[in-house]
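Here the structure comes first, spelled out in structure tokens, and everything after it is commentary.
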Amino acid sequence: MRSVVRGVAGLPYPAVRSGPVRYAAARSGWADGDAVAKPAEAPARGLLGGLPAVVGPLLGASVLGALILHLMASLVAQLPAADALGALSVMVGMAVVLVTLLPFALLSFRRAQRAWAAIQGFGQETGQGAGRL
């Protein structure tokens, strides 16, 4: 079975090595085995270089927030015409919407917050933001 996995489409698959991971190996992909994409430690060259790292997650969080509000509003619109059991199912639907989408919106917001903190830290290290109050 191992030979089948290693020879996908006739290409050799390198064996997984355990041990310390060097920086050059970490750049090539999934060397550390972590399934979560990690943002870069330092933003790319100045304020404008790190700005896309903030704008992308903020845009994702705002789209998810708008989707949550849209779904909640459509569920609330169905509430007056529902009987007791229908009202209960609408409330369960609202809970499902929140439980499903809110964690992703919060994670996007947190990623944007970390990127903004990295930009601020980069500005303080290089002396770009020293004159501001």
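Following chains of ILVMFWY side-chain contacts shorter than 4.5 Å, one cannot reach V63 starting from L58, and the two form parts of different hydrophobic clusters. Residues V97 and L102 are members of one and the same hydrophobic cluster, defined by side-chain heavy-atom contacts under 4.5 angstrom among Ile, Leu, Val, Met, Phe, Trp and Tyr.
To the nearest 0.5 Å, the span separating CZ on F109 from CG on L106 amounts to 9.0 Å. With rounding to the nearest 0.5 angstrom, the CG atom of L101 is 6.0 Å from the CG atom of L64.
In terms of heavy atoms, S108 sits closest to P57 at O-CB, 3.2 Å. The nearest pair of heavy atoms linking V54 to A112 is O-CB, 3.7 Å.
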Side-chain donor-acceptor contacts of residues 71-93 below 3.5 Å, not counting sequence neighbours, with atom names and distances?
{"from": "S74", "atom 1": "OG", "to": "H70", "atom 2": "O", "distance (Å)": "3.4"}
{"from": "S74", "atom 1": "OG", "to": "L71", "atom 2": "O", "distance (Å)": "2.8"}
{"from": "D83", "atom 1": "OD1", "to": "G86", "atom 2": "N", "distance (Å)": "3.0"}
{"from": "S89", "atom 1": "OG", "to": "G86", "atom 2": "O", "distance (Å)": "2.7"}

